[in-house]
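Since we're looking at a predicted model, the values are computed, not measured. First the proteins, then the strands, lettered A, B, ... as listed; each starts at 1.
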Number of protein chains: 2
Amino acid sequence: MVDVAREAGVALRTVSRVVNDDATVGAELVERVRSAIAALDYRPDERARHLRLGVTGTLGAAVRQLSHVNPVLRAVERAARAAGLMVLAASTEDDEKIERHVVESMCRRRFDGILLEPIGADHGYLVPELAAGLSLVAVDRPVLGLEVDCVLSDNVAGIETAFAHLVAHGHRRIAYIGDDERIYTAQERATAFRACLRAQGGAADAMIHTGPIQRERIHHALESALSGPDPATAVITGNATLSVETVRWFRDHADDVAIVGFDDSELATLLRPDLTVVAQDDAAIGDTAITMLRTRIADPATPVRKVTVPVTLQARGSGETPPKRT
Amino acid sequence: MVDVAREAGVALRTVSRVVNDDATVGAELVERVRSAIAALDYRPDERARHLRLGVTGTLGAAVRQLSHVNPVLRAVERAARAAGLMVLAASTEDDEKIERHVVESMCRRRFDGILLEPIGADHGYLVPELAAGLSLVAVDRPVLGLEVDCVLSDNVAGIETAFAHLVAHGHRRIAYIGDDERIYTAQERATAFRACLRAQGGAADAMIHTGPIQRERIHHALESALSGPDPATAVITGNATLSVETVRWFRDHADDVAIVGFDDSELATLLRPDLTVVAQDDAAIGDTAITMLRTRIADPATPVRKVTVPVTLQARGSGETPPKRT
DNA sequence: CTGAAAGCGCTAACAG
DNA sequence: CTGTTAGCGCTTTCAG
């Protein structure tokens with residue numbers, strides 16, 4: 001920059017102003033500076049700028065897996081761009097160690113704020129960061145044990161809606177195929193399903209199958225739920241991957257079981273009949289997350305908020321078939 | 001950091017050494033410094049460090065859409081992590097303006113190198129960056145008009161393989177449903193398909209349908225390819241989205257047309273019969289891209305390389321059905 | 001509008 | 001092994 005100033009024969013200060021589009025510079029000088037910039041191939045260094053300014057205009061997004069479908073992240077990027085902020089994202093790979101590494105790296109780089117899809121139970125490493133002023137918003141799951149802003153889908157209402165929908169279509173024996181309950185959302189959804197069963201008067205732990213996402217495990221669970229003296233006539237699946245595996249199994253083993261999936265996806269309208277799902281409002285989640293984060297950055301003293309975003313049932317056919325046997 | 005030094009009663013230099021795990025510091029001092037760090041909640045500032053060091057240990061990935069399935073990005077993150085580098089990613093949204101903004105932001109932040117899935121035709125904005133020493137590797141498509149490292153899939157061989165496969169299974173009238181030919185890969189694949197048609201002696205522009213990814217357009221193209229006096233008995237689809245739309249249409253309109261898709265996906269084994277695809281070697285692409293980028297960063301004088309990664313045909317059923325009518 | 005100078009937080013000479 | 005000091009590239013007082 002000092003070179004540019006010399007080349008243009010102006011003060012450093014003036015170059016800085018031109019670069020930052022300060023209006024108080026004479027048109028002729030602007031021109032001189034601009035051509036000096038072009039002649040010298042000058043490119044401003046944000047590191048120094050940010051160091052001096054204190055802020056970086058950068059938001060970090062630490063998500064489970066960048067390369068997975070993640071409509072929330074899409075909404076986040078859009079909202080941030082509209083606010084003139086840059087979002088830089090990295091994967092945590094569902095690994096506590098990597099999550100910690102990613103978040104701490106973002107902190108050391110002094111990102112203005114971080115969006116986190118928290119994984120694992122131990123977020124103790126966040127305590128000093130938060131104490132030092134980190135602005136953080138948890139998305140999809142809360143940071144357990146810490147008072148941190150978060151925005152979640154209404155998992156309980158989603159399960160209740162799915163359950164009620166199937167009941168309304170005549171089903172009485174409804175099974176649930178869920179993810180590993182060590183995962184927060186999986187735990188919430190499974191618990192909500194258990195409550196539905198109890199409210200209905202049904203007991204039957206045979207109706208609820210949760211565990212890791214492995215094809216074998218899932219198919220085995222379906223087999224057991226749909227056989228025996230009292231087989232289920234409908235299934236609720238706990239997330240998009242489970243829906244896929246369930247449909248995959250149905251394809252070869254059953255064609256008369258109703259299914260309602262949690263999470264909408266491109267697949268939903270590829271199947272026959274189209275998949276009825278409980279859809280999360282990704283755009284609302286993303287917008288809310290960015291708004292909350294910006295609010296916290298602007299005023300770190302803002303009280304912690306937990307926002308729950310409603311879900312909606314998309315009836316498409318698979319959840320409206322009647323039970324095959326009463 | 002100066003506070004830490006004061007608190008620990010040591011020199012600034014010593015704190016710096018402790019923070020950077022320099023072995024040449026006495027154990028007792030290390031201890032004093034560490035407790036001062038803890039007491040003061042000191043967190044190192046990478047901005048200053050990077051400014052001083054010149055390098056940032058950061059790679060940027062400017063991809064079309066973060067929140068889409070992108071196995072290459074996954075491989076990239078893994079390879080970079082193994083090399084002790086951080087990958088920060090952002091979407092270009094298939095928009096030239098956004099691509100430019102993202103890449104220039106990364107340059108101003110002095111990322112050590114950038115991985116780019118280039119969109120659009122005008123990459124002139126890269127010229128000064130490259131002149132100023134930017135290390136860049138293009139993935140999936142080349143940067144047209146600029147001599148830049150790139151790693152691509154073997155699109156031509158992929159189409160030839162798919163075509164030959166269908167021919168080997170008795171098909172003579174093969175249609176191609178492709179993406180907008182303004183996109184490099186779409187153009188390459190469509191051209192390769194035309195060459196196959198010519199080599200086979202077949203003419204028939206009625207057999208090749210390219211254009212934007214819109215459900216209407218695609219279904220209409222299928223309709224026209226599969227009707228008339230000389231309907232196609234097999235279809236090659238130009239990418240994963242087109243495969244999905246084609247299957248969606250087949251579901252309601254045809255069940256005896258062979259199909260081979262470009263790009264593997266989770267969907268491929270969900271369909272009946274399972275989808276035969278030409279699969280790209282995502283891991284190899286990601287690894288190669290990171291290796292090339294690191295090589296260029298280490299020595300900017302490295303000659304420009306263009307690497308083509310082989311593709312493989314995954315026969316799963318949909319591409320092995322015989323033609324319905326001869 | 002310009003010029004000089006301080007300082008953001010860190011690292012790396014260079015001396016002790 | 002430790003302390004002092006300069007400087008990375010930028011913004012911003014403060015006087016002209």
Side-chain angles (χ1 to χ4, degrees), chain A residues 1-34 36-37 40-58 86 104-112 128-129 132-134, chain B residues 1-34 36-37 40-58 86 104-112 128-129 132-134:
Chain A
M1 186 175 248
V2 59
D3 300 324
V4 174
R6 194 174 345 97
E7 169 85 10
V10 301
L12 205 58
R13 175 75 212 272
T14 311
V15 178
S16 175
R17 280 193 159 139
V18 171
V19 169
N20 292 295
D21 292 320
D22 190 316
T24 72
V25 187
E28 187 231 355
L29 281 185
V30 170
E31 195 39 55
R32 275 226 315 267
V33 172
R34 286 213 193 287
I37 286 176
L40 296 179
D41 242 22
Y42 165 77
R43 292 145 356 105
D45 186 328
E46 293 277 4
R47 292 174 300 188
R49 180 158 200 274
H50 293 161
L51 180 59
R52 185 61 232 248
L53 253 35
V55 296
T56 56
T58 310
M86 175 157 206
E104 289 184 335
S105 294
M106 288 174 170
C107 288
R108 282 196 304 268
R109 277 159 225 256
R110 294 294 188 272
F111 283 13
D112 292 344
E129 303 293 353
L134 168 63
Chain B
M1 187 176 249
V2 60
D3 300 324
V4 173
R6 194 174 346 96
E7 170 83 9
V10 300
L12 205 58
R13 173 75 167 119
T14 310
V15 177
S16 173
R17 282 194 159 137
V18 171
V19 170
N20 293 293
D21 293 320
D22 190 316
T24 72
V25 187
E28 189 232 353
L29 281 185
V30 171
E31 193 41 52
R32 274 221 321 265
V33 172
R34 288 213 191 288
I37 286 177
L40 297 179
D41 243 20
Y42 164 77
R43 290 145 358 106
D45 186 327
E46 295 276 3
R47 292 174 300 188
R49 181 159 199 273
H50 293 161
L51 179 58
R52 185 63 235 245
L53 252 36
V55 297
T56 56
T58 310
M86 176 157 207
E104 288 184 336
S105 294
M106 288 174 171
C107 288
R108 282 197 303 269
R109 285 172 166 82
R110 294 293 188 273
F111 284 12
D112 292 345
E129 303 294 354
L134 168 63

Inset, instruction - Please check if the side chain of A:Asp112 supplies one atom and the backbone of A:Gly57 the other of a donor-acceptor pair under 3.5 Å. - result: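 Side chain of A:Asp112 to backbone of A:Gly57: a pair is present.
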What residues form a salt bridge (Lys or Arg N to Asp or Glu O under 4.0 Å) with [X], not counting sequence neighbours?
{"X": "B:Glu104", "answer": "B:Arg100"}
{"X": "B:Arg109", "answer": "none"}
{"X": "B:Arg52", "answer": "none"}

Less than 3.5 Å apart, which donor and acceptor atoms pair up between the side chains of residues 4-17 of chain A and the rest of the protein, not counting sequence neighbours?
residue: A:Arg6; atom: NH2; partner: A:Asp3; partner atom: OD1; Å: 2.8
residue: A:Arg17; atom: NE; partner: A:Asp22; partner atom: OD2; Å: 3.4

Legend entry - Under 4.0 angstrom between A:Thr14 side-chain N/O and C:dC1 OP1 or OP2: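 For C:dC1, neither OP1 nor OP2 has a side-chain N or O of A:Thr14 closer than 4.0 Å.
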Inset, instruction - Determine the contact category for B:Gly54: base if any of its heavy atoms lies under 4.0 Å from a base atom, sugar-phosphate if only primed atoms, P, OP1 or OP2 are that close, otherwise nothing. - result: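 Touches nothing.
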Inset, instruction - Quick one: label B:Val2 by what it contacts on the DNA or RNA (base, sugar-phosphate, nothing), any heavy atom closer than 4.0 Å. - result: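 Touches nothing.
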Legend entry - Set of side-chain contact (heavy atoms from CB on, under 4.5 Å) partners for B:Val18, sequence neighbours left out: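 Only B:Val25, B:Val30, B:Val33, B:Arg34 meet the side-chain contact (heavy atoms from CB on, under 4.5 Å) criterion with B:Val18.
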Inset, instruction - Between protein and nucleotides 11-16 of chain C, map the contacts as a letter string: B base, S sugar-phosphate only, - none, heavy atoms under 4.0 Å, written 5' to 3'. - result: BBB---
Inset, instruction - Mind checking the CE-CD spacing from A:Met86 to A:Glu46? Nearest 0.5 Å is all I need. - result: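 It comes to 10.0 Å.
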Inset, instruction - Rounding to 10 degrees, work out the angle separating the end axes of the helix from C:dC1-D:dG16 to C:dG16-D:dC1 (five pairs an end). - result: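 Terminal axis comparison yields 40°.
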Legend entry - Partner set under side-chain hydrogen bond (donor to acceptor under 3.5 Å, both in side chains) for A:Arg110, not counting sequence neighbours: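 Listed in chain order: nothing, the list is empty.
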